[in-house]
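Below: the structure, in structure tokens.
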Amino acid sequence: MLLAELARVSAEVAAVRARSAKVALLAGLFRDAEPGEGPLVVPYLAGRLPQRRTGLGWSTLRDPPAPAGTPSLTVAEVDAALTAIAAVAGKGAQAERKRRVDALLARATEEEQRFLLRLIGGELRQGALDALAAEGLAAATGATPDAVRRAVMLGGSLGAVARALLADGPAALEAFRLHVGRPVQPMLAQTAKDVDDGLDRLGPCAVEEKLDGIRVQVHRDGAEVRVWTRTLDDITDRLPELTAVARELPVTSAVLDGEVIALDAAGRPHPFQDVAGRVGTRSGAQGGLPLSPVFFDALAVDGRDLLGLSTADRHTELARVVPEPLRVRRLVAADPADAETRAAARAFAADVLRRGHEGVVLKALDAPYTAGRRGASWLKVKPVHTLDLVVLAAERGHGRRTGRLSNLHLGARRPDGSFAMLGKTFKGLTDAMLEWQTRRLGELAVYDDGWVVTVRPELVVEIAYDGLQRSTRYPAGVALRFARVVRYREDKRAEDADTVETVLTSAAGARIRPAGENPVGENPVGENPVGENPVGEEPVGEEPVGEGPATENPTSPDPTAEGPTPQNPAAGNPAAEREPPA
DNA sequence: TTCCGACAGTGGGGTCGCAAT
DNA sequence: ATTGCGACCCCACTATCGGAA
């Protein structure tokens with residue numbers, strides 16, 4: 001099959017709005033694919049490459065060569081080229097990858113280039129990804145969408161399912177079952193406002209502690225143990241202590257769902273950053289931070305598939321094979337209408353937070369394990385903190401936000417009237433707010449580098465966030481985690497905004513030591529006010545982001561915005577960008 | 001007719017490994 | 001030795017479609 005056909009259908013899919021129309025277009029293409037092409041054509045139209053990593057990013061994909069006049073590339077040729085590129089390593093690798101991808105792109109027409117660049121860059125933006133591709137595959141082969149989705153979740157890749165379906169029809173899906181040694185998509189949770197909200201929505205449920213670490217799916221088969229992350233990356237080699245623990249369990253085989261965290265001598269959890277660093281270290285298991293696995297679900301035990309069992313029954317199995325300290329703490333709220341039960345659930349959640357963990361997850365007792373779905377039967381509850389911060393700058397949006405100012409740079413007040421940037425956010429904004437802030441920030445603009453619009457620091461915005469994390473990027477040595485906009489506070493002036501000191505001494509900051517700050521005994525930063533860390537001594541030697549109300553230095557925009565970033569491929573090349581806001 | 005579940009899109013900060021400088 | 005890039009860990013939220021109620 002020619003790449004041109006895929007590029008054409010992708011453009012058509014992007015051009016229609018209705019999902020049913022997108023699915024119909026995808027199905028039309030998939031019907032024409034040979035079984036052998038299915039593992040390429042279907043994932044491509046889902047915005048996925050079979051090569052998990054290619055080493056190609058915005059840097060190697062910018063300024064592509066002139067396109068070809070007529071289509072000639074086949075899908076198989078594209079795949080072969082990308083496989084070869086993924087295998088390039090060693091000295092000169094980047095240049096070699098660039099040379100090879102340019103050779104590929106030179107054989108592509110303009111429309112094919114647009115498709116390939118988006119596909120490889122991971123931003124297909126056609127309004128259809130995995131779910132709609134699976135539906136299209138179902139429509140093309142006569143299978144039910146549910147059966148296709150289930151096969152993909154259990155059997156791994158969309159490509160493998162496509163090959164089987166195109167070759168043998170719907171009956172082929174029977175072969176895709178939970179299999180020890182082959183990871184399944186983990187079940188995900190939605191968010192509840194608080195414990196009471198969760199209890200109201202779920203009815204009888206378990207309340208489990210939510211640990212802030214790395215999600216792991218552990219497969220044990222005899223002496224063989226393998227460990228996968230949430231996105232099904234195999235990290236077995238990085239977690240020898242987990243392998244050892246799994247081998248001790250009194251089972252012949254099992255598939256367990258859990259989280260790895262790190263505990264200090266007092267049993268309190270280390271920050272997420274430390275756990276992520278340890279798990280990310282390939283060879284650093286020796287001498288690194290010791291990790292503790294904590295399991296909360298069992299998907300299979302001794303050859304029995306437990307996915308269809310209720311949460312309650314799966315937990316019975318889990319408790320049978322995993323001893324107490326390796327199991328998540330939980331409380332069963334069998335009758336959430338009962339006032340005492342609700343009080344106990346709230347008290348349990350409060351205790352989890354006191355012990356330094358992230359929050360709780362409420363799980364409906366009668367729900368099966370729905371692989372890959374962010375179903376409503378698991379609800380997470382985490383405390384939310386808020387601050388009133390000042391908008392220092394805004395970045396131009398991409399995609400559907402093109403032409404609007406989107407990503408806000410957020411600052412907290414410093415004693416001298418300047419502002420310390422604590423991070424950015426684009427979340428929580430409605431279209432109306434985007435429209436409004438684009439106009440309002442335009443009025444406050446003092447400098448525009450084509451990508452980042454620096455403004456007079458006057459606009460106050462209420463920001464919700466989950467906590468603070470160490471940062472070497474931002475001047476206060478901390479950054480907000482998961483910041484999102486709640487509302488604009490036009491009733492407040494910049495002088496009313498929260499201060500850096502307030503942020504650092506808040507509950508969210510009490511356990512974080514800003515990067516670059518000298519360790520002072522065991523003092524948490526909350527007892528080490530910023531007054532002892534004079535303004536001006538920035539950990540990374542950067543200029544303050546804003547110069548207070550009298551910003552008179554338009555040539556010194558936000559230091560974090562100089563040069564491109566992986567998230568903003570064109571940040572350093574505004575000329576190559578879309579048209580500016582109208 | 002209205003409501004709501006599922007999906008796609010829009011990006012956030014930090015960390016590591018590896019190659020380039 | 002430091003910097004840049006790619007990949008992957010954690011993730012919140014809104015708009016939209018289309019089936020359920």
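Per chain, numbering begins at 1; letters A, B, ... match sequence-line order. Please read these numbers as outputs of a predicted model, since none were measured by experiment.
Residue A:Arg52 has a polar side-chain atom (N or O) positioned under 4.0 Å from OP1 or OP2 of C:dC8. Put simply, A:Lys424 has no side-chain N or O that comes within less than 4.0 Å of OP1 or OP2 on C:dA12. Side-chain nitrogen and oxygen atoms of A:Thr281 include none within less than 4.0 Å of the OP1 or OP2 phosphate oxygen of B:dT15. In terms of phosphate contacts, A:Ser59 brings no side-chain nitrogen or oxygen within less than 4.0 Å of OP1 or OP2 of C:dG4. Listed pair A:Arg400 / B:dA8 fails the phosphate criterion, with no side-chain N or O lying under 4.0 Å from OP1 or OP2. Contact annotation: A:Arg17 reaches the phosphate of C:dC17 (side-chain N/O to OP1 or OP2, under 4.0 Å). Note on A:Arg230: a side-chain N or O is less than 4.0 Å away from OP1 or OP2 of C:dC10. Between A:Arg53 and the phosphate of C:dC8, there is a side-chain N or O to OP1/OP2 separation shorter than 4.0 Å. The phosphate of B:dC7 (OP1 or OP2) has a side-chain N or O of A:Arg149 nearer than 4.0 angstrom. A:Gln469 has no side-chain polar atom (N or O) that falls below the 4.0 Å cut-off from OP1 or OP2 of B:dG13. For C:dC13, neither phosphate oxygen OP1 nor OP2 lies less than 4.0 angstrom from any side-chain nitrogen or oxygen of A:Thr430. Residue A:Thr60 places at least one side-chain N or O closer than 4.0 Å to OP1 or OP2 of C:dG6. Between A:Arg481 and B:dG13 there is no side-chain polar atom (N or O) within less than 4.0 angstrom of OP1 or OP2.
Taking the six-membered ring for Trp, A:Trp451 and A:His398 have ring centres closer than 6.0 Å.
Atom-to-atom, NZ of A:Lys210 to C1' of C:dC11 comes out at 9 Å; the value is rounded to the nearest Å. Distance A:Leu124 CG to B:dA8 P: 11 Å, rounded to the nearest Å. A straight line from CH2 of A:Trp436 to P of C:dT14 spans 17 Å, rounded to a whole angstrom. As rounded to whole Å, 20 Å separates atom P of C:dC11 from atom CD1 of A:Ile463.
Contact annotation for A:Asp431: backbone-only contact, meaning every heavy-atom pair under 4.0 Å involves sugar-phosphate atoms and none involves a base. Within the nucleic acid shown, A:Arg19 comes within 4.0 Å of at least one base atom, counting heavy atoms only.
With A:Arg484 as the fixed residue, the side-chain hydrogen bond (donor to acceptor under 3.5 Å, both in side chains) test singles out one of A:Asp466, A:Thr425, A:Thr386: A:Asp466.
The partner of B:dC7 cannot be assigned: no Watson-Crick or G-U wobble pair with both contacts below 3.5 Å exists in any strand.
Each of A:Gly57 and A:Lys427 was assigned the nucleotide of DNA chain C with the nearest heavy atom; the assignment lying further toward the 5' end belongs to A:Gly57. Nucleotides of DNA chain C nearest to A:Phe482 and A:Ala18 differ in position, and the one nearer the 5' end is that of A:Phe482.
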- request: Dump the intermediate steps for salt bridge (charged side-chain N to carboxylate O under 4.0 Å, His left out) on A:Asp146 and A:Arg150, then the final yes or no.
  value: CA-CA 6 Å; A:Asp146 263 358; A:Arg150 184 175 166 76; over 6 Å; no
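Classification of the A:His385-A:Tyr465 ring pair by plane angle, with boundaries at 30° and 60°, yields tilted. Ring geometry for A:His219 versus A:Trp228: interplanar angle over 60°, hence perpendicular rather than tilted (30 to 60°).
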